[in-house]
Peer 1: 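I'd like to ask you about the structure that follows.
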Amino acid sequence: MPRVTFIAHDGGRRDVEADEGRSLMEAAVGNGVSGILADCGGACACATCHVYVPAEWRARLPPRGEEEESALEFAIDVRDDSRLACQIVVTAALDGLSVGLPRSQF
Ligand code: FES
């Protein structure tokens, strides 16, 4: 099972086991990770699952979709490395992934 790490704005780290085929958001919520609110339940409508994905991992992900781009317009502190965790499907290739969590979600 892929292991992923969520890094809070204050540097606090949470390592979780993530089910392949489910979203990164579901891995966070299922493990009680602070900073991933997921108010819309993964419908790509709330942007409260906003994460920062380092460049070395972004290349392994499909690019942002149109809906994701639209939802990110409502997020705070959006950057080039911003993604919505509900739109990232966990695969074996993501084992070892670390993502940052925006301060605004705490
Ligand atoms: S959970 Fe709402 S946009 Fe991801």
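Both counts, for ligands and for their atoms, begin at 1 and track the order of listing.
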Peer 1: Of all the atoms in ligand 1, which lie at a distance below 4.0 Å from a heavy atom belonging to C44?
Peer 2: 3 (S)
Peer 1: Should you measure from each heavy atom of C46, which atoms of ligand 1 turn up under 4.0 Å away?
Peer 2: 1 (S), 2 (Fe), 3 (S)
Peer 1: Has A45 got any heavy atom lying under 4.0 angstrom from an atom of ligand 1?
Peer 2: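 A heavy atom of A45 does come that close to ligand 1.
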Peer 1: Angle at atom 4 (Fe) of ligand 1 between SG of C86 and SG of C49, to 10°?
Peer 2: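 Value, to the nearest 10 degrees: 100°.
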Peer 1: Are I88 and F6 connected into the same hydrophobic cluster when the rule is that any two of I, L, V, M, F, W, Y join if their side-chain heavy atoms are below 4.5 Å apart?
Peer 2: yes
Peer 1: Distance under 4.0 Å to a non-hydrogen atom of G42: what atoms of ligand 1 satisfy this?
Peer 2: 1 (S)
Peer 1: I'd like to check Y52 versus D77 (side-chain heavy atoms, cut-off strictly below 4.5 Å). Are they in contact?
Peer 2: yes
Peer 1: More than 12 heavy atoms of other residues, nucleotides or ligands under 6.0 Å from CD of E66: is that the case?
Peer 2: no
Peer 1: Within ligand 1, which atoms have a heavy atom of A38 less than 4.0 Å away?
Peer 2: 1 (S)
Peer 1: Quick check for you: to the nearest 0.5 Å, what is the distance between I36 atom CD1 and H50 atom NE2?
Peer 2: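 NE2 of H50 is found 9.5 Å from CD1 of I36.
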Peer 1: So does D15 get a backbone contact from the side chain of T5, meaning a donor-acceptor N/O pair under 3.5 Å?
Peer 2: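 No.
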Peer 1: List ligand 1 atoms under 4.0 Å from A47, heavy atoms only on the residue side.
Peer 2: 2 (Fe), 3 (S)
Peer 1: If you count heavy atoms of other groups shown closer than 6.0 angstrom to CD of E67, is the number above 12?
Peer 2: no
Peer 1: Which atoms of ligand 1 are found less than 4.0 Å from any heavy atom of C40?
Peer 2: 1 (S), 2 (Fe), 3 (S)
